[in-house]
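Here the structure comes first, spelled out in structure tokens, and everything after it is commentary.
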Amino acid sequence: MLVDDDPFSIEKLRARILQLSEQLGTVFEIVSECYSGQSALEQMPLTNPDTVFTDIQMSAVNGIELAKAIQVRSPSVHVVVISAYPMFEYAREAMKANVVEYLLKPVDTAALREVLLKLLDMNRNHSYNRSKEILHGILSGALEGVLENGAVQAIFPFKGYRMLLIQNVEALYDVRLLMPKSDVDFEPMRRELSEHMEKREQCWFLPSDDRKSILLIFGLFDLNPGRFPPLLQATQQCCAREGVLPTIVYSGPFERLEEIRALHKRLFMALSERIGIGKPRAVALEAEFAEPAAQFSATDEKRFVLLLQKRDVPGLKRSISDLFDNWEQQDCTSMIAEINLKRIVHLFEQQYRTSSVSQYKTLETRIEELVDTCRTFGELKEAFFTMLDSAFQFAGEGSGDGDARQLFDKIEMYISSNIGQPLSLQTLTDHFHVSRTVICNLFRDYSHKSYVEYLTSLRMKIAQDLMRDYPKMLNKEIAEIVGYTDQNYFSHVFKTVTEMSPTKYRESLNRPGE
């Protein structure tokens, strides 16, 4: 929107904006030209501009007063003030009114170009964030019935959409415990995918509540089926971590945003059924999927019970190894492997009678962790044997326990010495030359926690000690000492673990008896 009580000034500004629009290859649409501040305020609800260019010196409502009114009524609208007077008082008042830029007449073309580029970037970010909020609202069911709104349709001008649900490989191998979903940075991936899309097409990454999957929605102008395979391949590559590709389930093209909620539920079920161990897939939602017949049969169960009753350790090992070989040949999914392994552990628990209900639940959690983290069936088999021996001592050997304990002690010492550094599972596997599953088992066996739970608890314990011993030390400094570069994230984790904020914890230290 252009606002000036001088028609000639508006005409010159319009001409320059349209000229720069052509040079920059971007459409800057002038939705309204107003000759007074009052007229601009009346026109704004009808034209819905992203930006208002206004002269300062106008009768009735001047440019500064207009900017202040816009700040109250439509705070998302950007205002650029143009003035023939380079007066500090005007500039200061413009800053108070949250004006984006202050240009002097006659407007320099180069300066106007820079302002337009800045506005373009700001509006793109605002439009993206607004569209992402709307998608969240649709998925939660909070925006039913409002999608016909003209403003919403303007944000989503696309011909159609594609939805993909992606296995979150990073979460499987190195869970960032307690990290709020909103803090996950998908911007690098979004920029990478934008190189494979047409101009003005868009994509949105939306993490799931359990952090095990990522929803990706493409807004497209070209729904030609031939262009989707390269886009799918690019998605799988940019979502890979440490060379591990994710499994992806994707929908066909659709035109109505209202469909994404139901599609998301279907994609979620399909992804959980299709994730394999060490074999990433990219499959269409509508593709037929026959679950491999790699079940733990009633015959298998009877044979296991007999072997358990006889305490036939070699026979049990052979039977379990045969099962793993069969599952690998049948391309068994993670879900089926997890169900079968839990049944085997249940049989051990019934025969050995050495674990309580709570211990059995812990073993189930360990199985879920192993199935998620193992990259091959061979690795999973080795880790499962280690877990069984630790839980039930069924092998009766324990000869390697001393070595395992020594390795765990070395890892503990390494963590304590490097607590302020990034300490991912990959860091430990590279340093100690062992697999992730070995490390996961070590922490379950000797700390009775997952690795991430152990590391988080240790960091919070050290943070509490520092707050107690050095009361003047800033939270930001403590956060950096224990390995958190983001103070807000540190405070979030601290409150989750200790059930009080860092400030409340410091206050409790000053109370008698606490």
Side-chain angles (χ1 to χ4, degrees), residues 128-149 152-153 155-156 158-172 175 179-184 186 189-190 193 202-220 223 225 228-229 231-232 235-236 238-239 245-277 279-292 332-339 342 368 371-372:
Y128 176 77
N129 291 332
R130 177 63 182 137
S131 63
K132 195 169 183 178
E133 290 175 4
I134 291 172
L135 291 175
H136 275 295
I138 298 171
L139 288 169
S140 67
L143 288 183
E144 292 182 6
V146 301
L147 297 181
E148 301 303 321
N149 182 287
V152 172
Q153 291 179 343
I155 294 175
F156 295 95
F158 312 100
K159 183 177 180 181
Y161 305 87
R162 286 267 195 172
M163 280 181 64
L164 301 83
L165 195 63
I166 307 162
Q167 177 190 21
N168 188 357
V169 177
E170 184 176 35
L172 300 182
V175 180
M179 170 65 89
K181 287 191 301 177
S182 59
D183 289 349
V184 182
F186 291 111
M189 296 159 67
R190 188 165 75 95
L193 284 181
Q202 189 58 272
C203 66
W204 301 267
F205 284 94
L206 306 167
S208 62
D209 290 332
D210 63 2
R211 303 182 60 78
K212 289 187 177 182
S213 61
I214 302 166
L215 181 64
L216 173 60
I217 303 175
F218 285 104
L220 305 172
L223 297 179
F228 185 68
L231 198 58
L232 177 62
T235 300
Q236 197 168 40
C238 84
C239 293
L245 296 174
T247 290
I248 299 177
V249 179
Y250 57 90
S251 77
F254 59 96
E255 298 181 0
R256 299 175 66 250
L257 280 174
E258 292 90 333
E259 297 180 47
I260 68 173
R261 191 180 186 200
L263 272 175
H264 182 222
K265 293 178 180 178
R266 293 177 59 201
L267 288 168
F268 183 84
M269 293 299 298
L271 180 64
S272 63
E273 294 171 351
R274 287 163 171 76
I275 291 176
I277 296 175
K279 292 187 178 180
R281 302 177 172 95
V283 294
L285 177 62
E286 303 300 335
E288 292 186 7
F289 179 72
E291 179 58 55
C332 176
T333 63
S334 298
M335 176 186 289
I336 296 301
E338 180 183 314
I339 292 171
K342 287 180 179 179
E368 293 168 7
V371 169
D372 280 346

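The figures that follow rest on heavy atoms only: side chains count, while hydrogens, waters and symmetry mates do not.
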Subject >> Worked verdict on Phe228 versus Tyr250 for ring-ring contact (aromatic ring centres under 6.0 Å, His included) >> reply: CA-CA 10 Å; Phe228 185 68; Tyr250 57 90; 5.2 Å; yes
Subject >> Atom pair OG/NE2 of Ser213 and His264 - distance to nearest 0.5 Å >> reply: 5.5 Å
Original post:
Please walk me through it: do Lys212 and Asp372 pass side chain to side chain contact (heavy atoms under 4.5 Å, CB included)?
Top reply: CA-CA 10 Å; Lys212 289 187 177 182; Asp372 280 346; 3.4 Å; yes
Original post:
More than 12 heavy atoms of other residues, nucleotides or ligands under 6.0 Å from CD of Glu255: is that the case?
Top reply: no
**OP:** Show the numbers, then the answer: is there a side chain to side chain contact (heavy atoms under 4.5 Å, CB included) between Ile260 and Phe254?
**Re:** CA-CA 9 Å; Ile260 68 173; Phe254 59 96; 3.6 Å; yes
Subject >> Arg274 side-chain N/O to Val283 backbone N/O, donor-acceptor pair under 3.5 Å >> reply: no
Subject >> Interatomic distance, Leu257 atom CG to Phe158 atom CZ [nearest 0.5 angstrom] >> reply: 9.0 Å
Original post:
Are any non-hydrogen side-chain atoms of Phe205 and Cys239 less than 4.5 angstrom apart?
Top reply: yes
Original post:
Do you know the tightest heavy-atom contact between Leu285 and Ala270?
Top reply: CD1-CB, 3.8 Å
**OP:** Describe, in one word, how the ring planes of Trp204 and Tyr161 are oriented to each other, choosing from parallel (under 30°), tilted (30 to 60°) and perpendicular (over 60°).
**Re:** tilted
Subject >> Reported NZ-to-CG distance for the pair Lys265 and Leu165, which is rounded to 0.5 angstrom >> reply: 14.0 Å
Original post:
Do you know which two heavy atoms are closest between Met189 and Cys238, and how far apart they sit?
Top reply: CG-O, 3.9 Å
Subject >> Rounded distance [0.5 Å steps], CD in Glu368 versus OG in Ser334 >> reply: 12.0 Å
Original post:
How close do Leu164 and Leu232 get, heavy atom to heavy atom, and via which atoms?
Top reply: CD2-CD1, 3.6 Å
Subject >> Glu286 to Arg266 - nearest heavy-atom pair and separation >> reply: OE2-NH2, 2.7 Å
**OP:** Locate the shortest heavy-atom distance separating Thr333 from Glu273; write the atom from each residue and the value.
**Re:** CG2-O, 3.2 Å
Subject >> Within-4.5 Å side-chain heavy-atom neighbours: Ile217 and Met163 >> reply: yes
Subject >> Worked check of side chain to side chain contact (heavy atoms under 4.5 Å, CB included) between Arg281 and Thr247 >> reply: CA-CA 5 Å; Arg281 302 177 172 95; Thr247 290; 4.1 Å; yes
Original post:
Between Pro280 and Pro246, which heavy-atom pair has the shortest distance, and what is it?
Top reply: CB-O, 3.6 Å
Subject >> Inter-residue atom distance Thr235.OG1 - Arg162.CZ, 0.5 Å rounding >> reply: 11.0 Å
Original post:
Taking atom CD1 of Ile248 and atom CD1 of Ile275, what is their separation to the nearest 0.5 Å?
Top reply: 11.0 Å
Subject >> Side-chain heavy-atom pair Leu135, Leu215 within 4.5 angstrom cut-off >> reply: no
Original post:
In chain order, what residues pass the salt bridge (Lys or Arg N to Asp or Glu O under 4.0 Å) check against Lys279, with sequence neighbours excluded?
Top reply: Asp331
